[in-house]
Amino acid sequence: MTNVLIVGSGARETALGLKFLASPQVDQVYVAPGGDGMDIVGLHSVAIDVMDFPALIEFAAANVALTFVGPEQPLVAGITDAFTAAGLPIFGVTKAAARLEGSKTYAKHFMAKHDLPTARAKSVQSLSAALSVLDEWGVPIVIKADGLAGGKGVVVAQDVDTARAAIDRLYAADAAAPVLIEEFLAGQEASVMALFAGQNAVILPLSQDHKRRYDDDRGPNTGGMGAVSPLPQFTQQEQAAATALMRQTVAALVADGVDSCGVIYMGLIFTAAEPKILEYNMRFGDPETQVLLPQIQNDFYALVTDLMAGKQPELQLDGQTYVGVVLTHPDYPVTSKPALPVVQPDTALLAAHAWIPAAVSKTAGGLVSTGGRVLTIVGSGTDAGSATKAAYALVQQYAGQLAYRSDIAHNALVTSKQN
Ligand code: AMP
Ligand code: GLY
């Protein structure tokens with residue numbers, strides 16, 4: 001009996017669970033804390049919080065051969081170090097490596113030290129220092145709170161008033177706040193993710209999230225409204241440059257002695273000259289995971305455990321394009337209340353792994369939403385056009401009262417530079 005524990009409760013964790021469950025070696029997949037939606041797709045929720053390390057360790061020791069961590073908070077707090085101290089195998093970066101995501105200032109030092117291309121930046125810790133950088137550099141300019149902010153700590157200011165207001169707000173909350181001020185970079189954003197262990201890495205195709213709440217990239221930032229992968233709008237040369245940056249990052253972690261194993265997520269911006277690194281996350285992206293994992297043909301349990309055993313697995317992809325559309329509460333990201341009905345998936349949808357639940361609960365009256373990002377619908381096809389069509393055909397059927405963006409994959413649909 002080989003069982004796996006996934007730590008987390010989003011659609012990312014559901015997608016990971018389904019991928020592990022598809023391995024011929026895996027019997028059961030548990031998700032902590034999971035949710036009712038996970039049980040509907042064949043996973044097993046376990047009511048343990050992602051930060052309750054002693055309870056997770058006790059459960060893992062008794063029930064599973066491997067634990068895989070989804071979200072950043074437990075990684076930054078040292079879940080991997082705690083499992084390792086208890087002698088339990090876990091796939092997720094150590095607390096030391098998680099600082100690349102947890103501290104933007106540390107990430108900037110890391111990139112400078114290892115010649116990894118990124119926006120010019122200055123760390124400041126006072127209102128006057130922040131204002132003098134603004135004076136010197138002018139606008140457009142980017143103001144970032146240091147630390148985990150769930151994507152909400154960044155202000156891209158096109159004018160001085162917006163920049164000034166962002167700086168005032170940060171220093172009103174904390175007079176010594178660590179703030180990063182960055183040069184504005186123009187270009188299309190995309191991400192590259194890799195599973196790595198030591199110097200070995202399995203680098204996945206480029207993917208693109210859509211962070212703004214509304215069509216045409218308007219409205220507030222969210223956790224992510226939809227994703228597409230791979231991305232035909234980038235040339236082979238651009239894709240190769242992104243892969244090279246990932247290899248350079250893995251080598252840099254080894255050189256710094258903070259390698260371990262886990263996931264690296266590089267948020268890139270493709271400027272006219274070259275891709276530059278906007279951010280590191282040391283975990284899979286959500287919703288990118290929902291469109292990356294289905295491309296992988298390898299036995300996923302073997303891929304992860306081979307990496308952990310010091311081997312270099314060869315990635316096999318299916319060559320298809322996947323589009324994921326996130327269904328949200330209509331008031332997200334402001335509020336996710338009241339709960340709304342969720343349309344019951346049929347067996348064909350479940351069998352196709354096209355319905356990837358996050359915040360779904362079962363009640364006597366049927367399924368209801370329990371959060372902002374409720375589920376991801378995934379469609380596939382031979383190219384971005386057919387995958388988008390397939391995804392939206394399902395969205396029409398299953399959205400019910402939930403909201404969504406109707407332009408996911410719009411950049412991938414414009415004529416490819418290669419063609
Ligand atoms: P971050 O959390 O650092 O990735 O920033 C969130 C978002 O802010 C990014 O996805 C970009 O859209 C934008 N952003 C961050 N830094 C820059 C920059 N230097 N230039 C332009 N846009 C940026
Ligand atoms: N989709 C963006 C993230 O997971 O950070």
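Each ligand, and each atom within it, is numbered from 1 in the order the structure gives.
- In summary, the atoms of ligand 1 found under 4.0 Å from a heavy atom of V142, numbered by their order in the structure, are 16 (N), 17 (C), 18 (C), 19 (N), 20 (N).
- Cation-pi contact between R99 and Y106: present, with separation from the ring centre below 6.0 Å and deviation from the ring axis of at most 45°.
- Of all heavy-atom pairs spanning V326 and P287, the tightest one is CG2-CB, 3.8 Å.
- Ring geometry for Y404 against Y392 counts as tilted: the plane angle lies between 30° and 60°, on a 0 to 90° scale.
- The shortest N/O to N/O separation between E288 and ligand 2 falls below 3.5 Å.
- Listed by atom number, the atoms of ligand 2 under 4.0 Å from R283 heavy atoms are 3 (C), 4 (O), 5 (O).
- Taking 4.0 Å as the cut-off, G223 counts as a neighbour of ligand 2 on heavy-atom distance.
- Atom numbering of ligand 1 starts at 1 in the shown order; those under 4.0 Å from a heavy atom of A119 are 19 (N).
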Audit row: W355, L394, side chain to side chain contact (heavy atoms under 4.5 Å, CB included) steps and yes/no: CA-CA 9 Å; W355 189 83; L394 295 173; over 6 Å; no
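- Close contacts between ligand 1 and F184 involve ligand atoms 20 (N), 21 (C) [criterion: under 4.0 Å to a heavy atom].
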Stepwise salt bridge (Lys or Arg N to Asp or Glu O under 4.0 Å) test for E136 and R120: CA-CA 13 Å; E136 201 186 314; R120 182 166 66 122; 5.4 Å; no
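- Below 4.0 Å from some heavy atom of D286 lie the following atoms of ligand 2, by number and element: 1 (N), 2 (C), 4 (O).
- The closest non-hydrogen atom to atom 10 (O) of ligand 1, taken over E183, E279, E189, comes from E189.
- The distance from ligand 2 to the heavy atoms of D209 drops below 4.0 Å at these ligand atoms: 1 (N), 2 (C).
- Across the listed options R120, E101, K144, E182, K144 owns the non-hydrogen atom lying nearest to atom 3 (O) of ligand 1.
- Ion pair D256/K113 flagged as a salt bridge, since at least one NZ, NE, NH1 or NH2 atom sits closer than 4.0 Å to an Asp/Glu carboxylate oxygen.
- Each of the atoms 1 (P), 2 (O), 3 (O) of ligand 1 lies under 4.0 Å from some heavy atom of K104.
- Heavy atoms only, all atoms of each residue included: M38 and G10 are closest at CE-O, 3.5 Å.
- With a 4.0 Å cut-off on non-hydrogen atoms, K211 touches ligand 1 through its side chain and not its backbone.
- Between D306 and K311 there is a salt bridge, since at least one side-chain N of the basic residue sits less than 4.0 Å from a carboxylate O of the acidic one.
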V323 and V228: CA distance, side-chain angles, deciding distance, side chain to side chain contact (heavy atoms under 4.5 Å, CB included) verdict: CA-CA 4 Å; V323 169; V228 51; 3.8 Å; yes
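- Summarising the local packing, NE2 of H114 is surrounded by more than 12 heavy atoms from other residues, nucleotides or ligands at distances under 6.0 Å.
- By the 3.5 Å distance cut-off applied to N or O atoms, R12 is not counted among the residues near ligand 2.
- Within the listing of ligand 2, atoms 5 (O) sit less than 4.0 angstrom from a heavy atom of N281.
- For ligand 2, the atoms closer than 4.0 angstrom to any heavy atom of G285 are 4 (O).
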